[in-house]
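All of these numbers come straight from a predicted model, not from anything done at the bench.
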Amino acid sequence: MPIVTIFFCNYVRLFRGAEQAQQDTASDIKIIPEPVSVARQSGYYQLPAQIKVYYNKASSEDSKELGFVQKEFTSRLSKLNPQAKLIPSDKTGANVRFVLLDKDRSDTTLKTEGYLLSINAKTGVTITANKPAGLYYGIQTLMQLMPASLTVGAAGSGEVAIKLPCAEIIDYPRFAWRGLMLDVARHFFTKAEVMDYIKEMSKYKYNMFHWHLTDDEGWRIQIDAYPKLTSVGAWKVKKIGYFGTFSPVTAQDKYDYGGFYTKQDIREIIAFAKAHFVNILPELDMPGHSMAAIASYPELSCTPGADKYHVRSGQAGFMDWTDSGIVAHYDNTLCPANPKVYQFLDTVFGEVAKLFPFPYIHIGGDECAKTFWKKSPAIAQLMKKENLKNMDQVQSYFEKRVEKIVESKGKKVIGWDEILEGGVAPNAAIMSWRGEKGGIAATQMKHDVVMSPTTYAYLDYMQGDPAIEPHVYASLRLKKAYQFDPVPEGADLAYIKGGQANLWSEQLYNIRHAQYMTWPRGFAIAECLWSPKSRKNWDSFVSRVEAQFPRLDADSVKYAPSMYDPDIAVALNSDSTLNITLNKELDNIDLYYSVDNSFPDNFYPKYTGPFKLPKDAAMLRVISYRRNQPIGRLISIDIKALRARIKK
């Protein structure tokens with residue numbers, strides 16, 4: 001056994017027995033997601049201006065990915081310090097070493113994505129891993145130990161200093177599936193924007209990009225056999241405001257807003273993602289959410305008059321969500337009784353399967369309004385022929401046929417938890433979004449599950465007080481997102497693949513807003529998926545989130561400061577005045593408020609508990625401070641809006 005391997009294995013055994021207190025002394029080490037273990041050692045290592053780098057030889061199967069690692073380190077360091085020069089070196093003389101363990105000497109704990117990062121005051125930096133993915137994630141941690149940005153050194157030397165805290169870090173993921181979903185159907189994001197999103201998520205050790213490519217508002221993937229899917233289905237009328245409340249489309253409006261990805265675009269994005277150790281899961285949503293496909297090819301519908309349909313532009317009156325289910329006013333479903341639908345899907349999935357290397361294809365299955373199926377003679381005939389008892393079984397019939405088509409292309413099916421209803425396809429994996437019950441049930445049925453519940457993981461929800469957040473129908477604060485556990489009580493761990501957060505784009509109009517909605521809640525989900533449950537700590541997490549903000553600033557990535565802002569809760573007193581409660585996410589901030597229409601600062605009343613609003617007050621304003629400096633945003637809310645918050 002090589003000496004380095006003996007040392008590594010012996011070191012790991014000793015290090016894993018270290019006391020927790022030692023691990024927690026690293027006040028200047030603020031990593032997201034939190035590593036498995038961190039041992040801060042005395043001193044710092046300063047990288048020289050000319051950095052000697054060593055990469056050991058990789059096996060033929062790892063050599064290409066090792067090239068990704070080299071490119072990542074070079075590009076990240078060059079952006080931080082353009083003056084730095086990287087010089088190839090042997091192992092002994094190197095300042096930074098990337099070491100892949102031999103296959104027969106690999107560390108079973110680190111598996112394919114884990115790493116050991118050692119920073120020593122004398123010998124420099126060493127990242128050791130079984131596979132290039134581990135080296136890549138070691139780089140992400142190393143970069144978080146460096147300054148967010150650099151300044152020129154003293155005395156006009158023209159040099160910049162990168163000081164690294166000496167430490168030993170062992171790290172590996174809790175779950176193999178660590179995902180973010182971006183909906184590009186409701187709003188089209190360019191190829192460059194998608195690549196940037198993938199790059200940012202990879203920095204926090206996400207490895208799955210779920211690409212929601214089709215919906216009522218757009219079909220975004222080129223299909224050669226069906227060109228109208230993009231010539232018609234990729235375009236809608238541009239409307240700005242609140243999605244779902246827009247005015248009706250008129251004859252004067254033009255369907256010219258949108259776009260799609262060519263097959264070459266997709267190949268480039270897949271290659272880019274691979275270079276960042278990210279897989280791409282494509283989603284084609286069906287049988288519901290299919291208006292863009294039906295507008296392109298009306299024969300896919302059960303409903304007469306579908307030839308008059310258009311891609312939805314977000315106007316009101318499309319469908320209603322009621323206590324008894326979804327009521328559709330337009331039929332946005334593919335017809336399970338139409339043989340042409342399955343011919344269409346066979347061709348589409350054939351083209352998709354050839355494009356995407358990932359073994360799964362997401363087939364949607366959510367929110368299928370069956371209003372028009374209930375009226376369809378073709379559906380009634382199908383039910384009689386196949387002995388189907390209800391509409392859930394009709395959808396199940398469709399899903400099972402789709403699964404066979406997808407499997408015939410060499411892929412596996414994953415769908416939203418509605419595909420459990422009426423009988424799930426035998427080999428399908430489940431993505432649980434309507435809370436955790438669907439995921440729990442699916443694991444008990446021995447189906448693989450990805451947990452993605454709205455309760456913790458829907459990034460399109462408001463993340464602060466509704467008075468200052470873009471309006472959405474629900475809220476998800478950062479602290480709640482941090483409580484996510486992909487293994488809920490009652491679930492069989494053996495079938496939990498991992499989890500992900502979802503960013504739907506009904507209310508998104510640009511990539512800056514998409515970034516705002518993703519970060520910092522994306523940090524919370526990343527830590528829930530990567531870090532050991534025992535290492536999670538809210539106060540520590542908050543301090544580490546704040547350490548990331550300058551990094552996002554340096555990368556020109558937008559984020560939400562909502563954790564500094566309170567939620568304003570209102571109750572009615574017996575005398576009809578209002579009682580105000582200001583709920584904080586952070587303990588280390590102070591809240592100051594005004595009720596006299598003026599603008600509060602830290603000389604105004606400090607919030608210490610619920611208070612009564614004066615009878616004739618017209619406006620409440622609140623602002624957050626830390627150490628006598630404003631840190632939150634000013635929240636202004638008038639009396640009418642306050643009264644609207646009273647729970648009836």
Side-chain angles (χ1 to χ4, degrees), residues 242 459 461-483 507 513 516-517 519-521 523-524 538-550 552-553 558-648:
Y242 286 119
L459 303 185
Y461 287 2
M462 292 181 292
Q463 54 196 314
D465 192 273
I468 54 172
E469 290 290 336
H471 179 70
V472 183
Y473 61 90
S475 293
L476 173 64
R477 295 294 301 235
L478 177 64
K479 192 170 188 177
K480 184 70 173 180
Y482 193 65
Q483 294 169 6
Q507 310 293 355
H513 190 46
Y516 174 92
M517 299 302 284
W519 313 111
R521 290 180 298 183
F523 298 151
W538 169 249
D539 292 333
S540 166
F541 174 69
V542 168
S543 70
R544 289 180 286 114
V545 166
E546 292 184 309
Q548 298 306 311
F549 287 164
L552 296 181
D553 289 335
K558 194 172 185 178
Y559 55 90
S562 310
M563 68 180 189
Y564 299 118
D565 303 324
D567 274 328
I568 300 173
V570 184
L572 189 65
N573 295 316
S574 58
D575 62 357
S576 295
T577 59
L578 302 183
N579 203 61
I580 305 298
T581 301
L582 305 180
N583 297 303
K584 297 190 296 183
E585 279 204 286
L586 309 185
D587 293 331
N588 60 354
I589 61 172
D590 297 314
L591 302 177
Y592 297 90
Y593 65 92
S594 69
V595 295
D596 60 2
N597 306 327
S598 62
F599 295 92
D601 57 21
N602 57 326
F603 291 90
Y604 274 68
K606 179 179 176 180
Y607 179 77
T608 57
F611 62 91
K612 181 178 180 178
L613 203 66
K615 180 180 179 179
D616 295 318
M619 178 72 68
L620 171 68
R621 288 192 170 99
V622 184
I623 193 167
S624 309
Y625 272 68
R626 179 187 287 164
R627 293 186 290 274
N628 293 320
Q629 294 296 320
I631 195 168
R633 297 170 292 186
L634 178 67
I635 301 177
S636 299
I637 181 167
D638 64 27
I639 189 67
K640 183 178 179 181
L642 286 170
R643 287 193 175 278
R645 295 190 181 194
I646 298 171
K647 293 183 179 180
K648 298 180 181 179

State, with a plain yes or no, whether a side-chain heavy atom of [X] is found less than 4.5 Å away from one of [Y].
{"X": "Asp465", "Y": "Val622", "answer": "no"}
{"X": "Leu613", "Y": "Val595", "answer": "yes"}
{"X": "Trp538", "Y": "Leu586", "answer": "yes"}
{"X": "Tyr482", "Y": "Val542", "answer": "no"}

Main-chain N/O of [Y] paired to [X] side chain as donor or acceptor, under 3.5 Å:
{"X": "Arg621", "Y": "Ile635", "answer": "no"}
{"X": "Arg645", "Y": "Ile568", "answer": "yes"}
{"X": "Tyr564", "Y": "Ser624", "answer": "no"}
{"X": "Asp567", "Y": "Asn583", "answer": "no"}

Side-chain H-bond candidate by donor/acceptor type, Glu469 with Tyr516, under 3.5 Å: yes
Asp553: partners by side chain to side chain donor-acceptor pair (under 3.5 Å), with sequence neighbours left out: Tyr559
Using 30° and 60° as the class limits, which term best fits the ring planes of Tyr607 and Tyr593: parallel, tilted or perpendicular? perpendicular
Taking side chain to side chain contact (heavy atoms under 4.5 Å, CB included) as the definition, give me every residue that meets it alongside Lys584, ordered by chain and number, with sequence neighbours left out. Ile589, Leu591
Test side chain to side chain donor-acceptor pair (under 3.5 Å), reference Glu585, set Gln463, Arg477, Lys480, Lys479, output is Arg477
Apply the test side chain to side chain contact (heavy atoms under 4.5 Å, CB included) to residues Ile639 and Leu578: give CA-CA distance (whole Å), side-chain angles for both, the deciding distance (0.1 Å), then the verdict. CA-CA 9 Å; Ile639 189 67; Leu578 302 183; 3.5 Å; yes
Listed once per pair and sorted, the side chain to side chain donor-acceptor pair (under 3.5 Å) pairs that draw on residues 570-582, sequence neighbours left out: Asn573-Thr577, Asp575-Thr577, Asp575-Lys612
